[in-house]
There are 2 protein chains.
Amino acid sequence: MSDQETAKAVEPLEIAKPDAARQRLRVWLKLLKTQRQIEAVLRERLRVEYNTTLPRFDVLAALYRAEKGMKMSELSSELMVSNGNVTGIIERLVADGLVVRVSVENDRRAMLVRLTRKGQEDFAAMAGVHRGWVDELLGGLDEDAARQLMALLGAAEPKLGETE
Amino acid sequence: MSDQETAKAVEPLEIAKPDAARQRLRVWLKLLKTQRQIEAVLRERLRVEYNTTLPRFDVLAALYRAEKGMKMSELSSELMVSNGNVTGIIERLVADGLVVRVSVENDRRAMLVRLTRKGQEDFAAMAGVHRGWVDELLGGLDEDAARQLMALLGAAEPKLGETE
DNA sequence: AACAGAAACTTTAGGCTTGAAGTTTCATGC
DNA sequence: GCATGAAACTTCAAGCCTAAAGTTTCTGTT
């Protein structure tokens, strides 16, 4: 937190670039705005068309890809949400008959979560339509622009590593 | 919405391009992931360093820019959140002495919300640090990349307009 | 075997978020 | 003037979300 005293006159590199910092802040705000706009539309349509929510859809999508089911902890790290959060969402999905919990062989702490047939069917019905929505919303991007955007977003991923 | 009948044999462009749709879905997922990663870091740091939350920060930022205060409805549309949501956040900010409500001249329905001196000071203290965080997190983007990203995000903004 | 610590979840308290319904006030047409 | 509808908020119920604390189970070490 205080290892920069020596950098005073030696390196005027990062410090003397307020333009880049301003530009990056603008990028962040724009990223946020774009994401929120898209998400708002998807959320609204999921609600109106399928009477469901985005978090539920995200969970179903993850489970649909996981043939053999997922552990709660795998789900929460994949979706980047907290453990306790997943507990609640799964509870409601179970109550609606879209998901089942299975206890894991040889580890009585863990739970495996899997789609029921109804869960599979419901998600399959939504998935194609959802993809169409995204395709429509991002219609402003041709294939080339999309590729460029992928690359830039890759570069924009935050540099983590100091996990402590 | 239907001015493309003539494009049948001439241009097999939009229709026969499932690749573009796949690419757009990938863009959306990447956009979401990047945004969530950045937001998670900012949220965590705001909590640890300033004992506050992102929604509160967003509200303070909006009010800081608004010299003369903002109406509740202006706030909610600016931040793209619901009316009722703003009510709750403002309530807590008022309780903490960062914000005051003033009744609007000539319209007893509306409320003007404004930062207190403490609100101004607290936000001013956070703003610079927050900008530094964003600058650090987006350090992978040089100024040129940032500019390109801005342009592409502009193109990626969802096409709305059918408001009904 | 027994203990310590880690792992996988759940629970809890509190805040965020939404859409819908409710209240008060304003604006407009008649 | 007065009624009707719109506007600006607030309230409400329900779900989402987090961090922190709690429970049970597993995995070493000694």
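Throughout, a chain's letter reflects where its sequence line sits, starting with A, and its residues are numbered from 1. No hydrogens, no waters, no symmetry mates; every other heavy atom, side chains included, goes into these values.
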Salt-bridged, A/Glu49 to A/Arg45, with N to O below 4.0 Å? no
For the side chain of B/Thr87, starting at C-beta, report the closest nucleotide among C/dT10, D/dT10, D/dT18. D/dT10
For residues A/Leu141 and A/Gln148, determine if any side-chain heavy atom of one lies less than 4.5 Å from a side-chain heavy atom of the other. no
Tell me if a side-chain donor or acceptor on B/Thr116 pairs with a main-chain N or O of B/Gly97 at a distance below 3.5 Å. yes
Any carboxylate oxygen within less than 4.0 angstrom of a Lys/Arg side-chain nitrogen, looking at A/Arg47 and A/Glu44? yes
Proximity to the side chain of A/Asn85 - top-ranked nucleotide from D/dC16, D/dT10, D/dC26: D/dC16
For a quick check of understanding: with a heavy-atom distance under 4.0 Å over all strands, which category does B/Glu39 fall into, base, sugar-phosphate or nothing? nothing
Could you check whether A/Glu91 gets within reach of a base, just the sugar-phosphate, or nothing at all, counting any heavy atom under 4.0 Å? sugar-phosphate
Where each residue is assigned the nucleotide of DNA chain C containing its nearest heavy atom, which of B/Met80 and A/Ala110 is assigned the position nearer the 5′ end? A/Ala110
Using a heavy-atom cut-off of under 4.0 Å over every strand shown, decide if B/Asp107 touches base, sugar-phosphate, or nothing. sugar-phosphate
C/dG22 C1' sits how many Å from B/Asn83 CG, rounded? 14 Å
Let's see if you can work this out: which of C/dG19, D/dC9, C/dC16 has an atom nearest to the side-chain heavy atoms of A/Glu44? C/dG19
Between P of D/dA19 and CZ of B/Arg43, the distance in whole Å: 8 Å
Under 4.0 Å, heavy atoms only, any strand: does B/Ile89 hit a base, just the sugar-phosphate, or nothing? sugar-phosphate
Rounding to a whole Å, what distance do you find between A/Leu93:CG and D/dG15:C1'? 12 Å
Earlier contact from the 5' end, DNA chain C, for A/Glu74 and B/Asn106: A/Glu74
Using only side-chain N and O atoms of B/Ser73, determine if any of them is under 4.0 Å from OP1 or OP2 of D/dA7. no
Give a yes/no on whether any side-chain N or O of B/Arg47 is located under 4.0 angstrom from OP1 or OP2 of D/dA20. yes
Could you check how far NZ of A/Lys71 sits from C1' of D/dC26, rounded to whole Å? 11 Å
If you count the non-hydrogen atoms of other residues, nucleotides and ligands that lie under 6.0 Å from CZ in A/Arg101, is the total more than 12? yes
Presence of B/Arg108 side-chain N/O under 4.0 Å of C/dC26 phosphate oxygens OP1/OP2: yes
Measure CZ/B/Phe57 against P/C/dG15 and give the value in whole Å, please. 20 Å
Taking any heavy-atom pair under 4.0 Å as a contact, classify A/Ser82: base, sugar-phosphate, or nothing. base
Could you check A/Val86 against A/Arg109 and say which one's nearest nucleotide on DNA chain D is further toward the 5' end? A/Val86
